[in-house]
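Heads up, the thing below is written out as structure tokens.
As a basis for the values below, the full set of heavy atoms in this structure was taken, side chains included, without hydrogen atoms, waters or symmetry mates.
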Amino acid sequence: MRPEELSVKEKELIAIAVADTTGCPYCIDIHTKGAKKAKATKEEVAESIWLLQH
């Protein structure tokens with residue numbers, strides 16, 4: 001992996017934040033599951049949503 005590439009976990013956390021912004025329940029669900037599979041913590045998921053809102 002090149003240093004400038006994002007990990008799967010990072011991509012899923014970004015996708016959760018965007019899905020929350022657009023309000024798409026399907027996208028929130030699918031990307032939350034993807035983030036959990038990529039070993040994201042509950043705190044990381046919450047922070048990704050919080051960062052875009054502030």
Side-chain angles (χ1 to χ4, degrees):
M1 183 163 97
R2 296 186 323 228
E4 65 274 6
E5 293 178 345
L6 296 174
S7 69
V8 171
K9 180 172 85 169
E10 292 167 324
K11 290 176 184 177
E12 290 294 352
L13 291 171
I14 292 167
I16 291 169
V18 173
D20 182 67
T21 300
T22 62
C24 176
Y26 171 78
C27 294
I28 292 168
D29 182 54
I30 200 82
H31 291 299
T32 299
K33 288 176 181 173
K36 287 180 183 179
K37 186 176 180 183
K39 308 290 187 210
T41 65
K42 291 178 183 179
E43 292 80 12
E44 289 172 319
V45 171
E47 182 179 23
S48 70
I49 295 168
W50 184 84
L51 285 173
L52 273 185
Q53 294 177 353
H54 295 91

For this session: Have a look at Ser48 and tell me which of Leu13, Ile14, Val18 forms a side-chain contact (heavy atoms from CB on, under 4.5 Å) with it.
Result: Leu13
Exercise. Does Ala38 have any side chain to side chain contact (heavy atoms under 4.5 Å, CB included) partners at least two apart in sequence or in another chain, and if so, which?
Worked result: Val8, Lys9
Problem set entry | Gap separating the CD atom of Glu5 from the NZ atom of Lys11, nearest 0.5 angstrom | 7.0 Å
Quick one: side chains of residues 27-37, donor-acceptor pairs under 3.5 Å with protein atoms, not counting sequence neighbours, listed by atom name and distance.
from	atom 1	to	atom 2	distance (Å)
Asp29	OD2	Lys33	NZ	3.2
His31	ND1	Glu12	OE1	2.7
Thr32	OG1	Ile28	O	2.6

